[in-house]
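To start, the structure under review is shown below, and the notes come after it.
As the structure is a prediction and not an experimental result, all values here were calculated from the model.
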There are 2 protein chains.
Amino acid sequence: MNGRVKIIDIAAKLGVSPATVSRALSDSGLVAEPTRSRIREEAAALNYRPNVSARNLRTRRSKAVLMVVRDVGNPFYLDVLKGVEAAAREAGYAVLMGNTENDPERETGFFDMLRDGQADGMVLITGQLPQAGRYSEGLPENLPVVVALEMIDKSGLPHIQIDNRAAARDAVQHLISLGHTRIAHIAGPLPEQMSELRLGGYRDAMQAAGLAIPADYEQRGDYLLGSGKRLCRALMSLPQPPTAIFAANDEMAFGTIAAAHELGLSVPGDLSVVGFDDIYLSEAFQPPLTTISQPRAEVGRAAMTVLLDILEGKGAPEAPLILPTTLQIRGSTAAPRPLVRLRSA
Amino acid sequence: MNGRVKIIDIAAKLGVSPATVSRALSDSGLVAEPTRSRIREEAAALNYRPNVSARNLRTRRSKAVLMVVRDVGNPFYLDVLKGVEAAAREAGYAVLMGNTENDPERETGFFDMLRDGQADGMVLITGQLPQAGRYSEGLPENLPVVVALEMIDKSGLPHIQIDNRAAARDAVQHLISLGHTRIAHIAGPLPEQMSELRLGGYRDAMQAAGLAIPADYEQRGDYLLGSGKRLCRALMSLPQPPTAIFAANDEMAFGTIAAAHELGLSVPGDLSVVGFDDIYLSEAFQPPLTTISQPRAEVGRAAMTVLLDILEGKGAPEAPLILPTTLQIRGSTAAPRPLVRLRSA
DNA sequence: TTGAAAGCGCTAACAA
DNA sequence: TTGTTAGCGCTTTCAA
């Protein structure tokens, strides 16, 4: 009941050596059967639990991995965490959540933890590596780090991703197949590769359908609600307003819909809206949002699985792992309202 | 650059003993000034970082705390986590997230971590203590555990809470002040004390205003979207349907609004809806949800602060800490549509 | 004010 | 198959 039962206590009680107890408990297979059982039973009876610090000190491993994100406050990461956690738990690893808030200081701190052995590996979801300070000359080779959902070029690190470009293309193709031709895009902010990929997918789909993209149809937001609202207003006040808007994430799509409602437009009657991410509540939104669903938990699980392979010396995949997305068709998209001049056609 | 600089390396380089280095770095005040500075500078230059396992093994402390919740997938907890994390970070503690999924096995496991020294303390947000197995005879005394947002009676543990009953009363009073008299409640599930408190607040407010509560006006949900939908339908098909519904959490409120829309009712035109929690996206919802906002980050911060006091031997507060809530009035509530028979009055 | 030495609990060479 | 022994890196008596 006290947590202070040590290996040596079990050894003394059973008249064996501590080493044998350690071996029996760690299933090293080097202990003869009757001994092994006796030891395990006694350990259970005494409620023995290993001292993790002592073990870690000795083995130089921590049996913990770090999952580092920009903002723990973003529910988006929760599903990823669940996947990571499930896979980690099965392999006997604990998961520590790391929150960078985009602070280079903190990003560096988590790499320190890795270096110092406080964690054996890292699932990184921030899109950047520490550059300054003690890592200014580059990171050590063969760092047990897996990048998920973000891309870090030339890092040589394993990546688990989705195909942002193809998914964006799917989203826009859905609008085209409904009959829309005037389709605008609210993109993500500029230095981010992900924004560019989704924008690229939008352009791909438009081009493939032979549709022109007026200069003003590409607006740049910041992934937040407010920019969705603002840019929707801007788009709808164009001389030739779009009949559909593809937003680079759900939050901007929500903003778009809110602004449309404020303008007296119905969604999807007057304006179709597609988002990207399928976040919590997209389904409950009014109208339910048509959006691209990412397999977040699977991404987490895959990232952890790759990380475990690395930790066990099995090596890492050469190419990025691309997980499939699905277009969730819900209530925010419909065929465009027929125009009068089309009637005569 | 290697994470392998040890105290003994610094000691050798400076011609002092490891003990002196340890003392200088831990600021024990027992090192003379010139030595102290030299050591600290050298440590910085060599980029020394202590081996946490070794330190923990020696000091029998882990400088980590556990934050245990029912479901990491619930964004609600993220803000609490942020508060806990901020306070912990300032005090040099790491935060480990624990996810129980309501599994007694896992709940027990986290208490084991506490007992085994893998964590020094715990912020518990699950509403129950492990009972079975190795804790069947009760938990050790003076466990460094703080309960946040939930209540565990007779545990003697410090609590950080909000006043659920008063907050629910505020929510209903808001509806009453708008002129509603037919106000129904969708409560949370039964064995939970929190559900009862919010239900109690609803009854308080109704009684204080002299309003009757028809038997069918109190429905019991499960905090999930679906039950909100289902129970809203049930309520609106009563011979005397309510003009306002107070849901015990936001998710059920969203369900309520979705069901109302499906029934062709406008919110707040035909039905006012109030939620509880002010979760992520309540503000972006259509219509924006009137709800009770809890100071989640502050709850987390307060819980961690109390925990730190306990860990430093400063003792715990006798009475629960109650943090204030605020009623966020948004677009989902309005005065009831005047009835024809009221016109003649 | 500093140093020497012991030891936290565990595992892994090495030996038997 | 089991035991002996050493040592992971740190902190903390105790002694100087």
Side-chain angles (χ1 to χ4, degrees), chain A residues 2-40 42-43 46-64 92 112-120 313, chain B residues 2-40 42-43 46-64 92 112-113 115-120:
Chain A
N2 219 325
R4 307 234 176 83
V5 182
K6 296 173 285 181
I7 275 193
I8 203 173
D9 299 326
I10 304 177
K13 198 143 190 176
L14 263 51
V16 297
S17 78
T20 303
V21 176
S22 171
R23 285 190 279 252
L25 294 176
S26 67
D27 242 342
S28 65
L30 294 164
V31 182
E33 191 31 70
T35 328
R36 198 189 99 102
S37 307
R38 269 172 58 229
I39 291 175
R40 305 209 119 200
E42 188 61 29
L46 291 177
N47 211 345
Y48 166 77
R49 313 220 74 224
N51 178 314
V52 180
S53 295
R55 173 186 289 166
N56 290 349
L57 175 60
R58 179 66 234 228
T59 60
R60 307 166 152 288
R61 291 187 302 117
S62 67
K63 281 282 187 175
D112 287 343
M113 288 179 68
L114 206 59
R115 197 192 57 178
D116 301 343
Q118 290 187 64
D120 295 337
Chain B
N2 219 324
R4 307 233 175 84
V5 182
K6 297 173 284 182
I7 275 193
I8 204 171
D9 300 325
I10 303 177
K13 198 142 189 178
L14 263 49
V16 296
S17 78
T20 304
V21 176
S22 171
R23 283 191 277 252
L25 294 176
S26 67
D27 242 343
S28 65
L30 294 166
V31 182
E33 190 32 68
T35 328
R36 199 189 97 103
S37 307
R38 268 171 59 226
I39 292 175
R40 307 209 116 199
E42 189 60 30
L46 291 177
N47 212 345
Y48 167 76
R49 313 218 75 223
N51 178 313
V52 179
S53 294
R55 172 185 288 167
N56 290 349
L57 175 59
R58 180 64 231 228
T59 60
R60 310 165 151 289
R61 292 187 301 117
S62 67
K63 280 280 186 178
D112 287 342
M113 288 180 67
R115 196 193 59 176
D116 301 342
Q118 290 187 66
D120 296 337

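- For the pair A:Arg58 CZ and C:dT11 C1', the computed distance is 5 Å after rounding to whole Å.
- Across C:dC10, D:dG3, D:dT13, the shortest atom-to-atom separation from the side chain of A:Arg55 is found for C:dC10.
- Contact annotation: B:Thr35 reaches the phosphate of C:dT2 (side-chain N/O to OP1 or OP2, under 4.0 Å).
- As a whole-Å value, the separation of B:Arg61 CZ from D:dC10 P is 16 Å.
- For A:Arg38 (side chain) and A:Leu14 (main-chain N/O), a donor-acceptor pair under 3.5 Å exists by modelled atom type.
- No donor-acceptor distance shorter than 3.5 angstrom exists from the side chain of A:Asn56 to the backbone of A:Ser53, with no hydrogens or angles considered.
- The separation between B:Ile10 atom CD1 and C:dG3 atom C1' is 17 Å, rounded to whole Å.
- For D:dG3, its base sits under 3.5 Å from the side chain of A:Arg23 at one donor and acceptor pair at least.
- Residue contacts for B:Ala19: at a heavy-atom cut-off of 4.0 Å it reaches a base atom on one of the strands shown.
- In this structure, A:Thr20 does not reach the D:dT2 phosphate: none of its side-chain N or O atoms is under 4.0 Å from OP1 or OP2.
- Between A:Ile8 atom CD1 and C:dC8 atom P the separation is 9 Å, expressed in whole Å.
- Contact check, A:Tyr48 against C:dC10: a side-chain N or O comes under 4.0 Å of OP1 or OP2.
- Formation of a donor-acceptor pair under 3.5 Å by the A:Arg40 side chain with backbone atoms of A:Ala24 is found in this model.
- In this structure, A:Ile7 places its CD1 atom 14 Å from C1' of D:dG3, rounding to the nearest Å.
- Residue-level contact check: B:Ser22 touches the bases, meaning some heavy atom is under 4.0 Å from a base atom.
- Between A:Leu25 and A:Tyr48 there is a side-chain heavy-atom pair separated by less than 4.5 Å.
- Here the P atom of nucleotide D:dC10 and the CZ atom of B:Arg49 are 12 Å apart, to the nearest Å.
- The main-chain N or O of A:Pro18 is never found under 3.5 Å from a side-chain atom of A:Ser22 such that the two would form a donor-acceptor pair.
- For D:dG9, one of the phosphate oxygens OP1 or OP2 lies less than 4.0 angstrom from a side-chain nitrogen or oxygen of A:Arg60.
- The CG atom of A:Leu14 sits 15 Å away from the C1' atom of D:dG3 (whole-angstrom rounding).
- Atom CG in B:Leu57 sits roughly 9 Å away from atom C1' in C:dG7 (whole-Å rounding).
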